[in-house]
Amino acid sequence: MTTLLRDDIAAAIKDGLARASTELGWPKVDGVPIEVVRPGNPEHGDYASNIALRLARQARMSPRDIAKAIRERVRVAPPIAAVEDLSGFVNVRLDEKWLAAQVDEIARAGAEFGRSKALAGKRMQVEFVSANPTGPLTVANARGGPLGDVLSSVLEFVGAAVEREYYVEDTGTQFDTFGRSIAIRYRQLHGEDIEVPEDAYPAEYVKDIAAEIKARDGDKWMKLPLEAQAKRFAPEGVEWVLREARRVTAMLGIHYDTWFSQAEMMRSGYFEKTLAELRKLGKVYEKDGAVWLQATEAVDDKEGWVLVRSNGDPGYLGKDIAYHVQSLRERGFDKKIDIWGSNTHYHLIQMRAAMKALGLLDKFEVVLYQYVRFLHEGVLKRMAKRSGQFLLLEDVIEAVGKDATRYFFLQSSADRQLDFDLELAVQQSNENPVYYVQYAHARIASILRTAAERGITSDGGDVALLTEKGELDLVRLALRLPELVDDIRQHYGVHQLTTYALELAGAFHGFYRDHRVVDEADAPRSKARLRLVQAVQVALRQTLGLLGVNSPDKM
RNA sequence: GACCCGGUAGCUCAGUGGAUAGAGCAUCACACUACGAAUGUGAGGGCCGCGGGUCCGAGUCCCGCCCGGGUCGCCA
């Protein structure tokens, strides 16, 4: 399957339109794309096009006449069985023999089903989570995990070479503060009466890190002044955090290709190089001893944003621009997709302005997800590492498992805010829709086992025997997966996969009720239906695979 | 004040400008001596926040307003 079914249908309609246009002497109607959708109402066929409605004004004809003229000229040949026109729509019905034959195609394709080469040859970097390396992963900053991981999987599925990247921000103020926080705890552990200042990280894990250092080195560092200790301990703290991040993301089934260090980027000289380029472009100015980027895209009254602080330290924006330039130029990615929390939306405005100035805007994409709050003592709260108030990702995974955790994050669109109630999540984990989908998969596996025990397999099954609506509707649904994957390639709405999984599983459960698959009295039909449920299983497995969720044969 | 996201069934949410707005949960009533009941069938439940506009057609696009969340730092 090299092209998408809907594209084939659209091409057939376009061909019909072209013929109608020449035969009837219509004015030129170039440039109008043929859109094809799956109508919600089955009476309207398998695909519908609104082309006649779109053309009506321009052609100064009634939509019905246009639709009729097109309908009469669309070539009817598999996969198309019939073309109808109704209220200005051109509706297409798929050929049922052709549909049945797709069962073999899908079952045979197996792990290849749904794949494409749409992005073959493209190198893409998907950067996600990348939380400040100053504490463990919380449910808030973890939301980017499943989003980024599944998007990466989909992009790979359509042929791209994808690198999953965790950007380690191991320079800057927060990094220094983290080191100082550890140093203070270290001193406290040695009996020093020193308070934790307000801007430090107060949480318990900071003590754990300090205790680890003490256990290993004793009072070896006590003679150093605080700032020197901070410098010494910050990288150790980051090591600890990254070790945790690696472990916990792995629990979620996420495996990064690169853990890219900001410090390393700074050492590469890219920061200065990028600054020089921006300066050359005339996008940079000096004020109050700092270096600023001109806010050409500003949506408010700001004139610019700081790239280098007046104390000489590189600012976050400057570093992030340089990091992106390095990824897209030196590291050679055709596209960099960042999965960011919505609190960075102002940063995104700044980044877009910078990327535009540098001519890299078309290679820079961001998926913003809204924040996750959590229920703490009955009250919804935002999480913040610096306030020491958060719900650990690890605790959630341990409570409800990897699959339910991933599914929870992937159910709603990134644009929607999530509220997390751990108690409720545990209580409801058995009702997580992921099990509904997995159950469909396991049920099919069970049917195949039972059939095999009774000496019936799908071998030699003739899918031409699949003629019932209930049977063919399953095929129709399965065939939607490649199109859905292509939608996600374009719009990044990975949550649609969970909706689809639910729909396919539901369709199968309904089919199961009405149709006996294994029937010793009718071996040919059994074989054909076994083939069918195998195809459904393939579609389910492919979908769950993209979601990073298991496809169990037994539950 | 400016900008971003959300407001759809009691709850949680789907819904690429199309034709009669969907699912899960919850409630009620049913269905296992049949391939897995973690299932299925049926019922009830909707001014798609409000008001304008564009369009042949608006839950979807535009404008205004209301409500909830977020952001606007020489932090990251």
Side-chain angles (χ1 to χ4, degrees), chain A residues 35 37-41 43-44 48 50 52-54 56-57 62-63 86-89 91 131-132 134 169 171-175 177 199 262 287-292 298-302 305-311 313 315-317 319-320 341-349 368-371 373 380 382 386 411-419 424 428 430-433 435-436 438-440 442-451 453-454 456 483 487 490-491 493 495-496 498-500 502-503 505-506 508-510 512-520 526 529-530 533 554-555:
Chain A
E35 286 172 24
V37 297
R38 297 230 183 193
N41 185 341
E43 282 174 29
H44 299 144
N50 61 0
L53 290 150
R54 299 183 74 95
R57 167 168 293 212
S62 88
L86 183 67
S87 337
F89 288 93
N91 296 332
N132 264 335
T134 56
E169 294 172 24
T171 71
T173 309
Q174 295 306 322
F175 174 74
T177 302
D199 65 344
Q262 189 175 58
K287 195 178 112 191
D288 305 333
V291 180
W292 301 66
V299 285
D300 56 10
D301 53 2
K302 294 220 171 32
W305 307 295
V306 168
L307 298 174
V308 182
R309 297 198 263 157
S310 53
N311 67 2
D313 284 350
Y316 176 66
L317 176 62
K319 287 186 282 188
D320 213 28
S342 63
N343 60 334
T344 63
H345 113 263
Y346 192 74
H347 178 64
L348 174 56
I349 292 171
L368 275 194
Y369 61 87
Q370 295 299 309
Y371 250 54
R373 297 183 300 178
L380 277 172
R382 278 201 59 185
R386 270 193 285 178
Q411 267 181 101
S412 44
S413 99
D415 285 337
R416 191 173 280 270
Q417 188 167 72
L418 289 181
D419 293 328
L424 198 67
Q428 290 184 344
N430 286 333
E431 289 156 11
N432 190 304
Y435 300 120
Y436 180 86
Q438 290 181 322
Y439 181 62
R443 209 177 205 186
I444 292 171
S446 169
I447 293 171
L448 295 171
R449 280 194 301 269
T450 305
E453 281 164 19
R454 298 182 193 173
I456 306 176
E483 297 177 347
D487 288 340
Q490 297 179 61
H491 306 297
H495 69 285
Q496 291 179 309
T498 58
T499 310
Y500 172 73
L502 221 49
E503 202 177 334
F508 170 73
H509 287 311
Y512 173 86
R513 172 181 170 271
D514 297 331
H515 301 80
R516 170 145 273 274
V517 177
V518 183
D519 180 3
E520 282 108 323
S526 298
R529 285 188 172 164
L530 284 170
V533 298
K554 283 181 180 174
M555 292 177 73

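Proteins get letters first, then strands, A, B, ... in listed order; numbering begins at 1 in each. Everything numeric in this text was worked out from a predicted model, so none of it was measured.
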Can you name the atoms? Protein N/O to nucleotides 7-12 of chain B N/O, anything below 3.5 Å, with the distance.
from   : atom 1 : to      : atom 2 : distance (Å)
rG7(B) : OP1    : R416(A) : NH2    : 2.8

Could you list all N or O pairs between the protein and nucleotides 60-62 of chain B that sit under 3.5 Å apart?
none

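Heavy atoms of V37(A) sit under 4.0 angstrom from at least one base atom. Looking at heavy-atom distances under 4.0 Å, D419(A) makes no contact with the nucleic acid at all. Across all strands shown, S413(A) has heavy atoms under 4.0 Å from sugar-phosphate atoms exclusively, and none from any base. When heavy atoms are screened at a 4.0 angstrom cut-off, Y369(A) is found touching no nucleic acid atom at all. N432(A) comes within contact range of no nucleotide atom at all, as no heavy-atom separation falls under 4.0 Å. Across all strands, A442(A) comes closer than 4.0 Å to base atoms (heavy-atom distances). Nucleic acid contact for T499(A): sugar-phosphate only, since backbone atoms but no base atoms lie under 4.0 Å from a heavy atom of the residue. Using a 4.0 Å heavy-atom distance criterion, N343(A) is classed as a sugar-phosphate-only contact. Within 4.0 Å of Q370(A), counting heavy atoms only, lies at least one base atom of the nucleic acid. Among the heavy atoms of the strands lying under 4.0 Å from A48(A) is at least one base atom, whether or not backbone atoms are also near.
One finds the CD atom of Q370(A) at 10.5 Å from the CZ atom of R416(A) (value rounded to the nearest 0.5 Å). One distance of note links CG of D415(A) with CG of L368(A); it measures 8.5 Å at 0.5 Å rounding. With rounding to the nearest 0.5 angstrom, the CZ atom of R382(A) is 5.5 Å from the OH atom of Y371(A). We find the CG-CH2 distance between L307(A) and W292(A) to be 9.5 Å, quoted to the nearest 0.5 Å. The OG atom of S526(A) lies 9.5 Å from the CZ atom of R454(A); values are rounded to the nearest 0.5 Å. Between the OG atom in S413(A) and the CG atom in L418(A) there is a gap of 9.0 Å [rounded to 0.5 Å].
Spacing between rA26(B) and rG64(B) at atom C1', rounded to whole Å, works out to 38 Å. Atom name C1', nucleotides rG59(B) and rC48(B): the rounded distance is 5 Å, in whole Å. Spacing of C1' atoms, rC30(B) relative to rC4(B), comes out at 49 Å, to the nearest Å. One C1' atom belongs to rA14(B), the other to rC28(B), and the distance between them is 25 Å to the nearest Å.
Rounded to an integer number of Å, the gap from E503(A) CD to rC13(B) C1' is 15 Å. Separating the CG atom of D415(A) from the C1' atom of rA14(B) is a distance of 13 Å, rounded to the nearest angstrom. Following rounding to the nearest Å, W305(A) (CH2) and rG73(B) (P) show an atom-to-atom distance of 12 Å. Between the CZ atom of R443(A) and the P atom of rC32(B) there is a distance of 15 Å, given to the nearest Å. The distance between atom CG of D320(A) and atom P of rC74(B), rounded to the nearest whole Å, is 16 Å. For the pair Y439(A) OH and rA38(B) P, the interatomic distance rounds to 5 Å; values are reported in whole Å. rG68(B) atom P lies 17 Å from atom CZ of R382(A), rounded to whole Å. For the pair N50(A) CG and rU16(B) C1', the interatomic distance rounds to 12 Å; values are reported in whole Å.
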Please test Y436(A) against E431(A) for side chain to side chain contact (heavy atoms under 4.5 Å, CB included), starting from the C-alpha separation and ending with a verdict.
-> CA-CA 8 Å; Y436(A) 180 86; E431(A) 289 156 11; over 6 Å; no

Go through the steps for K554(A) and R449(A) under the test side chain to side chain contact (heavy atoms under 4.5 Å, CB included), then give the verdict.
-> CA-CA 11 Å; K554(A) 283 181 180 174; R449(A) 280 194 301 269; 3.5 Å; yes

B/S/- contact track for nucleotides 20-25 of chain B, protein heavy atom under 4.0 Å = B-----

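Remark: R449(A) is not in phosphate contact with rC35(B), judged by side-chain N or O atoms under 4.0 Å from OP1 or OP2. Between H495(A) and rG15(B) there is a side-chain N or O to OP1 or OP2 distance below 4.0 Å. Residue T173(A) has a polar side-chain atom (N or O) positioned under 4.0 Å from OP1 or OP2 of rA76(B). Within the 4.0 Å cut-off from OP1 or OP2 of rC74(B), not a single side-chain nitrogen or oxygen of K287(A) is found. Between rG36(B) and T450(A), a contact under 4.0 Å exists linking OP1 or OP2 to a side-chain N or O. Note on Y512(A): a side-chain N or O is less than 4.0 Å away from OP1 or OP2 of rA37(B).
For the pair Y512(A)/H515(A), no side-chain contact is recorded, criterion being any heavy-atom separation below 4.5 Å from C-beta on. Inter-residue side-chain proximity for L530(A) and V517(A) is flagged as met; some heavy-atom pair is nearer than 4.5 Å. Side-chain contact check for S412(A) versus H495(A): every heavy-atom pair is 4.5 Å or farther apart.
Between Q174(A) and T134(A), the shortest heavy-atom contact is O-CG2, 3.8 Å.
Side-chain atoms of N311(A) come within 3.5 Å of backbone atoms of D313(A) as a donor-acceptor pair (strictly under, hydrogens ignored).
Side-chain atoms of S446(A) come within donor-acceptor range of the base of rG36(B), with a qualifying N/O pair under 3.5 Å.
An aromatic stacking contact between Y371(A) and the base of rG69(B) is absent, as defined here by ring centres under 5.5 Å apart and ring planes under 30° from parallel.
Listed nucleotides: rA38(B), rC74(B), rA14(B). Nearest to the side chain of M555(A): rA38(B). With rA38(B), rC35(B), rC74(B) as the candidates, the nucleotide lying closest to the side chain of V517(A) is rC35(B). Ranking rC4(B), rG18(B), rC35(B) by closeness to the H345(A) side chain, first place goes to rC4(B). Closest contact between the side chain of R54(A) and the listed nucleotides rG18(B), rC55(B), rG69(B) involves rG18(B). Comparing rA38(B), rC35(B), rA76(B) by their closest approach to the side chain of K319(A) singles out rA76(B).
For the pair E169(A) and K319(A), the salt-bridge criterion is not met [side-chain N within less than 4.0 Å of a carboxylate O].
Partners of H347(A) under the ring-ring contact (aromatic ring centres under 6.0 Å, His included) rule, at least two apart in sequence or in another chain, are Y316(A), W340(A). The side chain to side chain contact (heavy atoms under 4.5 Å, CB included) search around D288(A) returns none, not counting sequence neighbours.
Stem analysis of RNA chain B (Watson-Crick or G-U pairs, both distances under 3.5 Å, runs of at least three) returns B:1-7 with B:66-72, B:10-13 with B:22-25, B:27-31 with B:39-43, B:49-53 with B:61-65.
A 6.0 Å sphere centred on CD of E43(A) holds no more than 12 heavy atoms belonging to other residues, nucleotides or ligands.
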